[in-house]
Protein chains: 4
Amino acid sequence: MKAAVAGASGYAGGELLRLLLGHPVLEIGALTAGASAGDRLGAHQPHLPALAGEVLLATTPETLAGHDVVFLALPHGTSAEIAARLGDDTVVVDCGADFRLRDPGAWADFYGGAHAGTWPYGLPELPGAREALRGARRVAVPGCYPTAASLALFPAFAAGLAEPDVVVVAASGTSGAGRAPKPHLLGSEVIGSAAAYGAGGVHRHTPEIEQNLAAVAGRPVRVSFTPVLVPMSRGILATCTAPAAPGLTAAHLRETYQAAVEREPFLRLLPEGTWPATAMTLGANTAAIQVALDERAGRVIAVAAIDNLTKGTAGGAVQSANLALGLAEELGLPTTGVAP
Amino acid sequence: MKAAVAGASGYAGGELLRLLLGHPVLEIGALTAGASAGDRLGAHQPHLPALAGEVLLATTPETLAGHDVVFLALPHGTSAEIAARLGDDTVVVDCGADFRLRDPGAWADFYGGAHAGTWPYGLPELPGAREALRGARRVAVPGCYPTAASLALFPAFAAGLAEPDVVVVAASGTSGAGRAPKPHLLGSEVIGSAAAYGAGGVHRHTPEIEQNLAAVAGRPVRVSFTPVLVPMSRGILATCTAPAAPGLTAAHLRETYQAAVEREPFLRLLPEGTWPATAMTLGANTAAIQVALDERAGRVIAVAAIDNLTKGTAGGAVQSANLALGLAEELGLPTTGVAP
Amino acid sequence: MKAAVAGASGYAGGELLRLLLGHPVLEIGALTAGASAGDRLGAHQPHLPALAGEVLLATTPETLAGHDVVFLALPHGTSAEIAARLGDDTVVVDCGADFRLRDPGAWADFYGGAHAGTWPYGLPELPGAREALRGARRVAVPGCYPTAASLALFPAFAAGLAEPDVVVVAASGTSGAGRAPKPHLLGSEVIGSAAAYGAGGVHRHTPEIEQNLAAVAGRPVRVSFTPVLVPMSRGILATCTAPAAPGLTAAHLRETYQAAVEREPFLRLLPEGTWPATAMTLGANTAAIQVALDERAGRVIAVAAIDNLTKGTAGGAVQSANLALGLAEELGLPTTGVAP
Amino acid sequence: MKAAVAGASGYAGGELLRLLLGHPVLEIGALTAGASAGDRLGAHQPHLPALAGEVLLATTPETLAGHDVVFLALPHGTSAEIAARLGDDTVVVDCGADFRLRDPGAWADFYGGAHAGTWPYGLPELPGAREALRGARRVAVPGCYPTAASLALFPAFAAGLAEPDVVVVAASGTSGAGRAPKPHLLGSEVIGSAAAYGAGGVHRHTPEIEQNLAAVAGRPVRVSFTPVLVPMSRGILATCTAPAAPGLTAAHLRETYQAAVEREPFLRLLPEGTWPATAMTLGANTAAIQVALDERAGRVIAVAAIDNLTKGTAGGAVQSANLALGLAEELGLPTTGVAP
């Protein structure tokens with residue numbers, strides 16, 4: 001089976017290629033880019049020597065045609081047109097935001113403009129999601145923050161153990177902001193500094209987290225979300241809390257999480273007392289999760305660590321593509337991290 | 001006036017000396033240490049060439065006697081005995097936790113053992129605190145996390161703008177954990193990783209944050225607190241949120257904060273839309289604060305950035321010492337940070 | 001085939017396990033440790049979930065017996081006794097220094113004490129080394145700095161293009177210093193700082209670099225070596241220079257390097273004008289190399305980037321073990337890095 | 001006395017302002033910028049709250065007129081015209097390269113185009129330089145790398161202790177590359193990576209180092225210079241080596257360095273065996289220096305650590321301005337670093 005990667009010169013594209021190089025079934029086909037079309041890949045992804053000589057094509061429906069799966073790692077707003085031209089014999093996996101939200105009102109509030117539609121949501125661990133992804137022709141890859149926050153909290157909300165008033169504060173490495181050079185992403189700015197941004201209810205991942213948790217809870221969930229940029233290139237650590245349901249015990253909470261993760265190939269509930277660190281998951285498609293009942297504050301605290309480029313973007317994309325293509329879900333996806 | 005520093009070979013001690021070197025009134029007297037007694041300071045604090053040749057004395061009541069102010073940067077549990085031997089003609093400023101809490105029950109729950117007592121609390125910006133510090137003979141320097149969280153939230157609670165159900169998630173650099181070598185603090189472990197720890201309601205700074213906010217709110221406040229270690233040596237970024245009081249408007253919230261900081265020499269409310277970064281405060285005794293009303297989630301979001309070693313420890317200590325000694329509060333305390 | 005790892009709780013041990021988990025022929029057998037014996041591996045290597053439940057055994061000849069290959073990632077001075085007890089039916093691959101040097105005088109000068117002996121040297125890229133490693137029963141894995149410096153310079157010295165007066169300055173991440181907690185390796189110390197150490201001709205890797213270059217040059221080579229600790233966990237960037245041989249041209253220099261790397265699976269000569277960065281090789285067993293003739297200064301400049309834990313230690317160990325065991329040299333060794 | 005800063009929105013400009021805020025004689029006058037003219041300074045330098053409300057003017061001779069001293073922190077090639085318009089009643093201190101080199105041929109080779117001229121060179125520690133700076137109307141601030149390398153080696157060359165075949169490899173933080181956003185300077189690229197650049201004799205600071213060392217040696221000196229970008233925002237660690245002069249002893253080398261630094265307010269020769277780290281000098285105008293004789297390799301090894309923005313740019317600029325203005329050389333220049 002053949003896979004194309006559109007946006008191969010960026011960070012998400014590079015991570016897709018890293019994973020595809022180790023995938024036993026998917027072969028790498030066309031690599032496309034925008035302004036970098038015509039360059040050799042080695043000029044942009046020097047960590048991928050096996051592909052260094054590949055020439056980047058322009059991102060067009062034509063260059064992407066003829067693949068079993070096309071991964072789109074493109075700016076928001078560009079997927080719809082390309083997908084429309086690719087036809088249903090191609091699985092299209094969109095790493096952008098265009099098709100994640102179900103509620104056009106939320107789309108309008110947070111992104112503005114017309115809502116492109118909704119595709120099957122590529123977080124197989126959420127109840128019902130895996131089934132919808134099997135054989136799907138289109139997949140919307142979740143945002144990196146919603147991946148971390150949803151994995152941290154879905155067991156609690158699926159089991160009714162938490163009240164729908166959620167606070168998420170997530171520390172993120174810089175690669176989530178992409179490769180376009182912006183002053184606040186310079187090494188000199190981010191090294192030695194932790195910086196909040198998009199706080200106060202305006203970050204676009206907010207309605208996506210709400211959508212995920214509401215779906216599992218079966219009722220509306222409101223989320224206060226604050227992202228924090230910290231001096232590392234990869235990783236998200238999402239600290240999530242919600243009021244505990246009346247009568248919840250620590251033992252029941254833990255059993256619920258244990259049951260939720262036990263058949264999941266990429267979720268790990270850490271031993272009691274061990275809290276997640278992003279280094280546990282660097283380069284892996286795993287989420288390291290811990291949960292506790294803070295009886296004093298009456299709250300469930302759940303923390304998830306992921307690699308934003310792997311499980312949070314490219315790994316999640318490959319995982320969903322595997323399902324869509326009828327392959328084993330784990331194919332080509334490392335569970336071993338690179339540490340220290 | 002003469003100042004002694006006990007624990008001069010550690011990070012808090014080094015920062016005290018850095019500030020005292022620029023203090024126009026306080027002269028540096030005895031420098032003492034535990035296991036490092038007998039060493040020259042230069043072996044431990046090579047960034048302080050002016051003091052490189054000073055010999056570290058043993059930390060005893062005798063070596064510390066005869067100073068106008070003694071700064072204790074010692075392990076918890078060691079301050080009481082030394083302070084008892086110093087007498088009331090010496091101002092004792094304790095950077096440790098022993099005398100911070102008022103509630104012996106909270107002490108027992110979080111620290112264990114007998115409660116040493118309560119000293120005037122060294123966060124002059126809290127309502128009433130400055131008055132209690134003027135002329136005080138003993139000062140308990142706040143914990144670094146409580147400094148950041150309390151400065152972020154006190155205006156809201158003092159004005160009744162937030163409900164007493166607080167969530168604090170704070171990213172911290174590694175220097176807050178001190179200089180004793182522990183495996184999880186190795187560069188190889190902390191570089192490239194964000195790691196939660198002490199989550200679930202067990203971190204010792206939790207009751208201290210509650211104490212501060214309850215005092216300004218005039219009613220009990222419960223706090224869920226999660227610290228996160230991030231790859232930088234200095235800085236705390238505390239993201240704090242609580243349900244908004246009914247009817248609160250964004251304009252009223254901002255005016256309240258504006259009024260709370262306007263006469264404070266070390267507090268800065270950032271321009272609207274700019275969120276704090278720890279680099280804004282590196283090496284300075286300032287707190288950079290921003291607040292917003294998240295109307296969707298019905299929450300106040302307040303974020304404060306400080307340098308954990310300056311405003312969060314040594315700078316706060318000098319600020320309180322200035323008040324205790326009858327000096328101008330700002331003496332020797334930089335408001336200019338070192339960036340990038 | 002079965003592989004044991006002695007020192008499985010350290011950084012080199014963890015990297016060996018990461019690679020062995022992806023090795024198609026070698027199965028992981030006994031995992032042993034010193035002070036951590038009895039612990040589960042997950043407590044020390046949380047990035048390796050597949051092995052989290054494995055119990056660390058004590059490092060003894062008995063626990064290590066019965067394996068096809070035993071990797072020793074132990075403190076210096078401990079390999080000889082264990083190797084002596086394992087017999088020649090086991091391949092012993094020592095990541096320590098004990099058997100690297102051929103000259104007992106150099107051993108005495110730089111390590112002191114009795115010289116344990118000399119084993120086949122595990123850098124297959126050096127002329128003649130590969131042949132000596134095929135079927136070897138004992139392998140001395142090179143030091144991380146000598147790996148980088150030797151790979152940067154061996155083509156020049158093998159072809160007589162440089163004079164034997166070498167300067168090597170190598171920036172290294174902190175993981176090369178191991179996991180034992182020492183004050184100068186704390187995150188607070190290494191973050192934000194570049195620090196020279198072991199300068200002035202005293203670093204133990206100096207005679208090893210000289211030995212390697214002298215062997216390929218066929219005459220003595222003297223090396224001035226300065227290591228520099230920089231704020232990253234992995235990676236070595238070795239900048240190496242030597243006077244150019246008379247009449248050397250840039251074209252001939254480049255052709256020589258091109259020829260030297262062209263059949264090497266793990267060496268890459270970067271495109272002209274692109275200089276190595278350690279991120280190109282993170283997690284991979286590759287060395288990224290660049291060379292130039294500085295005609296103004298009359299010098300060859302060669303720079304190599306490696307991952308000190310992969311090509312510089314554990315990857316090099318597996319590469320040599322593959323040769324010793326009669327397997328394909330590349331088995332289980334990634335050439336794709338993890339970036340950014 | 002009044003000082004203007006042109007280029008106040010950049011890193012060098014910000015550091016100049018940080019230092020000027022603590023200068024007891026110089027008052028801050030006009031702040032000017034290019035594309036950022038019209039903005040408030042706080043939008044660009046949020047670590048300088050005292051100046052947050054200042055409006056950036058356009059960089060023109062008119063806005064800069066009427067100051068006792070004008071600091072130019074501008075792109076190369078722009079200083080000459082402005083300086084020509086300011087007249088000799090204003091001291092002009094240029095942080096750019098335009099007036100550093102004396103040899104028009106070296107200028108043409110490394111910068112290209114017409115040579116603007118040569119101004120007194122702002123490294124007072126070099127023999128003769130201080131005298132030339134006293135009362136000067138124009139000052140060329142040295143490059144950051146030449147500052148570090150020249151301070152490391154001038155004592156050896158002034159005393160004839162080293163042969164004129166120098167190798168310099170210098171690790172630098174990212175702020176030296178300035179604030180213009182470029183892809184290779186993104187946090188995601190520089191974090192976790194050490195990268196050589198400008199190697200092979202092409203870096204523009206090469207002829208400047210040669211010029212400085214040749215002047216003190218009294219004969220031509222050739223330099224091989226390789227800069228290495230490492231993951232920190234500030235600091236340069238220059239490792240410098242040259243063949244030892246015949247008969248040189250370690251004791252004589254040390255005495256020579258001791259004598260060279262003993263009256264210098266900003267140079268520190270570290271205790272024997274302690275090698276420089278950039279953290280020793282962060283935010284300070286100091287250089288931490290160590291030297292050794294590597295008898296085995298027959299080489300002098302000298303290492304200097306500086307803060308590239310302080311002693312390497314803005315601090316050096318203020319130090320020279322003090323001399324030019326007839327003030328005490330040390331005014332407003334910290335010798336205390338910020339660490340950890």
Side-chain angles (χ1 to χ4, degrees), chain A residues 10-12 14-15 17-22 40 42-53 173-176 178-179 191-192 231-234 265-271 273-284 286-288 305 307-310 334-340, chain C residues 10-11 14-15 17-22 40 42-53 173-176 178-179 191-193 231-234 265-271 273-284 286-288 305 307-310 334-340:
Chain A
Y11 290 148
E15 184 74 351
L17 293 173
R18 183 179 76 87
L19 296 173
L20 292 173
L21 280 166
R40 296 201 181 268
H44 300 275
Q45 311 285 11
H47 62 299
L48 305 176
L51 302 171
T174 54
S175 61
R179 200 166 196 166
I191 291 174
M232 58 193 195
S233 57
R234 287 181 176 232
F266 298 115
L267 305 190
R268 304 165 56 200
L269 184 63
L270 298 175
T274 301
W275 289 89
T278 60
M280 295 176 182
T281 65
L282 196 141
T286 51
D307 184 321
N308 60 302
L309 288 180
T310 320
T335 57
T336 295
V338 179
Chain C
Y11 290 148
E15 184 73 352
L17 294 172
R18 182 178 79 86
L19 296 172
L20 291 174
L21 281 166
R40 294 201 183 268
H44 300 275
Q45 312 285 12
H47 62 299
L48 304 176
L51 301 171
T174 55
S175 61
R179 201 165 195 166
I191 292 173
S193 193
M232 58 193 195
S233 58
R234 287 180 177 232
F266 298 115
L267 304 191
R268 304 166 55 201
L269 184 64
L270 297 175
T274 302
W275 288 89
T278 60
M280 296 176 181
T281 66
L282 195 140
T286 51
D307 184 320
N308 60 303
L309 289 180
T310 318
T335 56
T336 297
V338 180

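Remember, it's a predicted structure, so these values are computed and weren't measured experimentally. The sequence lines fix the lettering, A, B, ..., with proteins before strands; numbering per chain opens at 1.
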Q) Where does A/Leu51 contact chain C at under 4.5 Å (heavy atoms): side chain, backbone, both or neither? A) neither
Q | Largest heavy-atom contact set with chain A, pairs under 4.5 Å, which of C/Gly283, C/Ser233, C/Ser175, C/Pro49 | A | C/Pro49
(Q) Please check this pair: side chain of A/Arg40 against backbone of A/Gly53, looking for a donor-acceptor N/O pair closer than 3.5 Å. (A) yes
Q: Might you point out which heavy atoms bring C/Tyr11 and C/Gly178 nearest each other, and give the distance in Å?
A: CE1-O, 3.4 Å
Q. Is it the side chain or the backbone of C/Ile191 that comes within 4.5 Å of chain A heavy atoms, both, or neither?
A. neither
Q | Which portion of A/Thr281 sits near chain C, non-hydrogen atoms under 4.5 angstrom | A | neither
Q) Under a 4.5 Å heavy-atom cut-off, does chain C meet the side chain of A/Ala279, its backbone, both or neither? A) backbone
Q | Interchain contact, A/Leu282 with chain C, by part (heavy-atom threshold 4.5 Å) | A | side chain
Q) With sequence neighbours left out, what residues match C/Arg18 under side-chain hydrogen bond (donor to acceptor under 3.5 Å, both in side chains)? A) C/Glu15
**Q.** Side-chain touch A/Thr274/A/Met280, heavy atoms, less than 4.5 angstrom
**A.** yes
Q) Residues in side chain to side chain contact (heavy atoms under 4.5 Å, CB included) with A/Pro265, at least two apart? A) A/Arg130, A/Glu330
